[in-house]
Undergrad: 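What follows is a structure written as structure tokens; I'll ask about it next.
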Amino acid sequence: MRAVKPQKPQPKGPGLSKAHYRWQRGWGQRLRRIGLIYLPLVMLAGLVWHGASREEWRNRLSGYVMAEIDKVLENKELAIRQVELSGARPAMRAEIAARLAPLVGRSSMKLDLEALRAELEAIGRVRQADVALGPGGVLRVGLSERVPAALWRDPDGILWVLDREGVEIAPAGPRHDHPSLVVMLGRDAPEHVAQGLDILEAAPSLMPRLRTMIRIGERRWDLALDRDQRILLPETRPGAALAHLMALAKGEDELLKRDVALVDLRIPERPVLRMRTRAVEARRLQLEAAKGAGEET
């Protein structure tokens, strides 16, 4: 016997026609989406465009937005409550603390850390500044201080304190305020501070007598000592030439303590001494006296 296939139940009563069903599933949904979503968006965009085209509305909207932003930024929870300084001498920390004091109470959201770091590093005595915001509204500033290494008298006659890199730290004031620093002259002397200090390391015994280091022709150095003595150094290996002179001076009855006006080391193999006029005259008289004594005998 054949199996009887089950019959699908037939809907009872009037049902949707195929055209009505397609309308409900197709264009009906599209029209509802247009009416509920796209049409409001188009109207909103039109209102925004209309408002943006009028300056009064733009100013009012901009003012409202900025006022709301200011309310957020002025929140007391975002304010700087404390400034912590580290890494410098007490005098410098006190100076920087006074400069940063107005920041306490200001919003940390308005603080430009990079600009603040650049501002601090523009101070002559500050070598490097590290700025960071910590929890609890704490502004942490780490400082690295420049170390005075030499004095430089600029072409206008102003005396400056320089570090080893030749950076101007501050005006020096009176010379006697810095007795341990050598004075350098020459337009390009700041660019060669490190070289000048290295040269002096070859003759530490000269430091008490040294008056100035003079940069000549943007190529080499001269040393001006007390008693109007001058040492002309070569362009290449000036430290070695000065060390050689000091060795000779000790072996020549302390050469630099004699009546010498100038020692020219520009040709290291042939150093030249220039005696003072009175020393030359005294030497001439001494030789004449010796010659006369020889003739009498």
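The shown structure was predicted, so the numbers you read here are calculated from the model rather than taken from an experiment. Numbering starts at 1 and runs along the sequence shown.
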Undergrad: Quick one: pull up CZ in Arg89 and CD in Glu95 and give me the separation to the nearest 0.5 Å.
TA: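 Between atom CZ of Arg89 and atom CD of Glu95 there are 10.5 Å.
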
Undergrad: Is there a path of hydrophobic side-chain contacts, each under 4.5 Å between heavy atoms of I, L, V, M, F, W or Y residues, that connects Leu103 with Ile123?
TA: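 Per the 4.5 Å side-chain linkage, Leu103 and Ile123 are co-clustered.
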
Undergrad: Verify side-chain contact (heavy atoms from CB on, under 4.5 Å) between Glu84 and Val141, making sure each step is shown before the conclusion.
TA: CA-CA 6 Å; Glu84 291 184 357; Val141 180; over 6 Å; no

Undergrad: If only side-chain N and O atoms count, and only distance matters, is there a donor-acceptor pair under 3.5 Å linking Arg209 with Gln229?
TA: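 There is such a pair (donor and acceptor under 3.5 Å, judged by atom type) between the side chains of Gln229 and Arg209.
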
Undergrad: Quick check: closest heavy atoms across His178 and Ala172, and the distance to 0.1 Å?
TA: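 It is NE2-O, 3.0 Å.
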
Undergrad: Run Arg125 and Glu145 through salt bridge (Lys or Arg N to Asp or Glu O under 4.0 Å) and show every step you take.
TA: CA-CA 6 Å; Arg125 286 188 291 274; Glu145 190 172 0; 5.2 Å; no

Undergrad: Assess whether a salt bridge exists between Arg220 and Asp222, defined as any Lys/Arg side-chain N lying under 4.0 Å from an Asp/Glu carboxylate O.
TA: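 Yes.
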
Undergrad: With a 4.5 Å heavy-atom cut-off, do Leu210 and Leu200 have their side chains touching?
TA: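 Yes. Closest side-chain heavy atoms under 4.5 Å.
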
Undergrad: To the nearest 0.5 Å, how far apart are CG in Leu85 and CG in Leu100?
TA: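 Interatomic distance, Leu85 CG to Leu100 CG, rounded to 0.5 Å: 6.0 Å.
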
Undergrad: Does any part of the side chain of Met92, heavy atoms only, come nearer than 4.5 Å to the side chain of Val126, both counted from C-beta?
TA: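 Result yes, sub-4.5 Å side-chain heavy-atom pair found.
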
Undergrad: Answer yes or no: is there a donor N or O on one side and an acceptor on the other, between the side chain of Arg140 and the main chain of Ala132, under 3.5 Å?
TA: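 Between the backbone of Ala132 and the side chain of Arg140 there is no qualifying donor-acceptor contact (under 3.5 Å).
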
Undergrad: Examine Val193 and Ile214 and state if one hydrophobic cluster contains both, with Ile, Leu, Val, Met, Phe, Trp and Tyr joined whenever side-chain heavy atoms are less than 4.5 Å apart.
TA: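 The answer is no; the residues belong to distinct hydrophobic clusters.
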
Undergrad: To the nearest 0.5 Å, tell me how far Glu201 CD sits from Met207 CE.
TA: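 Taking CD in Glu201 and CE in Met207, the distance rounds to 10.0 Å.
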
Undergrad: Which atom pair, heavy atoms only, marks the closest approach of Gly136 to Arg81?
TA: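 Heavy atoms of Gly136 and Arg81 come nearest at O-CD, 3.6 Å.
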
Undergrad: Do the non-hydrogen side-chain atoms of Val183 and Trp152 ever get within less than 4.5 Å of each other?
TA: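 When only atoms from C-beta onward are counted, Trp152 and Val183 do not touch, as no gap falls below 4.5 Å.
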
Undergrad: Tell me, with the steps shown, if Leu233 and Leu223 meet side-chain contact (heavy atoms from CB on, under 4.5 Å).
TA: CA-CA 8 Å; Leu233 297 175; Leu223 304 183; 4.0 Å; yes

Undergrad: Does any part of the side chain of Leu111, heavy atoms only, come nearer than 4.5 Å to the side chain of Leu139, both counted from C-beta?
TA: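 Side chain of Leu139 against side chain of Leu111, heavy atoms only: contact under 4.5 Å found.
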
Undergrad: Please say yes or no: joined through hydrophobic side-chain contacts below 4.5 Å, possibly via intermediate residues, are Val260 and Leu232 part of one cluster?
TA: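 In one cluster with Val260: Leu232, no.
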
Undergrad: What's the verdict on side-chain contact (heavy atoms from CB on, under 4.5 Å) for Val182 and Thr212, showing C-alpha distance, side-chain angles and the deciding distance?
TA: CA-CA 6 Å; Val182 61; Thr212 56; over 6 Å; no

Undergrad: Could you check whether any side-chain N or O of Glu168 sits under 3.5 Å from a backbone N or O of Leu162, counting only pairs where one atom can act as donor and the other as acceptor?
TA: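 Between the backbone of Leu162 and the side chain of Glu168 there is no qualifying donor-acceptor contact (under 3.5 Å).
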
Undergrad: Decide whether Val167 and Leu143 are clustered together by the hydrophobic rule: side chain heavy atoms of Ile, Leu, Val, Met, Phe, Trp, Tyr closer than 4.5 Å, transitively.
TA: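 Looking at the clustering, Leu143 is in a separate group from Val167.
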
Undergrad: Answer whether the closest heavy-atom distance between the side chains of Met184 and Leu197 falls below 4.5 Å.
TA: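 When only atoms from C-beta onward are counted, Leu197 and Met184 do touch, with a gap below 4.5 Å.
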
Undergrad: For Trp221, is the NZ or CZ atom of Arg215 found under 6.0 angstrom from the centre of its six-membered ring and inside 45 degrees of the ring axis?
TA: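 Satisfied, under 6.0 Å and within 45°.
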
Undergrad: Determine yes or no for a side-chain-to-main-chain donor-acceptor pair under 3.5 angstrom, with Asp156 supplying the side chain and Ile158 the backbone.
TA: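 Absent.
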
Undergrad: Would you name the heavy atoms of Gln128 and Asp130 that are closest together and state the gap between them?
TA: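 Reported closest heavy-atom pair: NE2-OD1, 3.6 Å.
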
Undergrad: Decide if atom CZ of Arg127 counts as having more than 12 heavy atoms of other residues, nucleotides or ligands within a radius under 6.0 Å.
TA: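 Counting neighbours around CZ of Arg127, 12 or fewer heavy atoms of other residues, nucleotides or ligands fall under 6.0 Å, so no.
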
Undergrad: Before you tell me yes or no, could you show the steps for Val104 and Gln82 under side-chain contact (heavy atoms from CB on, under 4.5 Å), namely the whole-Å CA-CA distance, both residues' side-chain angles and the distance that decides it to 0.1 Å?
TA: CA-CA 6 Å; Val104 177; Gln82 183 181 355; over 6 Å; no

Undergrad: So Arg99 and Glu119, do their side chains get closer than 4.5 Å, heavy atoms only?
TA: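 Heavy-atom side-chain distance check passes, below 4.5 Å.
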
Undergrad: Return the minimal non-hydrogen interatomic distance between Pro155 and Arg187, and the atom names on each side.
TA: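 Pro155 and Arg187 have their closest heavy atoms at CG-NH1, 3.8 Å.
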
Undergrad: Can you confirm whether Arg146 is buried at CZ, in the sense that more than 12 heavy atoms of other residues, nucleotides or ligands lie under 6.0 Å from that atom?
TA: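 Correct, the count exceeds 12.
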
Undergrad: Please name the pair of heavy atoms, one in Asp188 and one in His192, separated by the smallest distance, quoted to 0.1 Å.
TA: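 Closest approach of Asp188 to His192: O-CD2, 3.1 Å.
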
Undergrad: Do Met213 and Ile216 share a hydrophobic cluster, counting only Ile, Leu, Val, Met, Phe, Trp and Tyr and linking them when any side-chain heavy atoms are less than 4.5 Å apart?
TA: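 Not linked; separate clusters.
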
Undergrad: If you define the side chain from C-beta out and look only at heavy atoms, does anything of Leu120 sit under 4.5 Å from Ile96?
TA: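 A side-chain contact under 4.5 Å exists here.
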
Undergrad: What are the two closest non-hydrogen atoms of Gly239 and Ile199, and how far apart are they?
TA: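 So the minimum-distance heavy-atom pair works out to N-CG1, 4.2 Å.
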
Undergrad: Hey, are the side chains of Asp198 and Arg164 touching, using non-hydrogen atoms and a 4.5 Å cut-off?
TA: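 A side-chain contact under 4.5 Å exists here.
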
Undergrad: Just checking Arg237: does its CZ atom have more than 12 heavy atoms from other residues, nucleotides or ligands closer to it than 6.0 angstrom?
TA: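 Check fails, neighbour count at 12 or below.
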
Undergrad: Between side-chain atoms of residues 263-275 and protein atoms elsewhere (two or more places apart, or another chain), which donor-acceptor pairs fall under 3.5 Å?
TA:
unit_1, atom_1, unit_2, atom_2, d
Asp264, OD1, Arg266, N, 3.0
Asp264, OD1, Arg266, NE, 3.0
Asp264, OD2, Arg266, NE, 3.2
Asp264, OD2, Arg266, NH2, 2.7

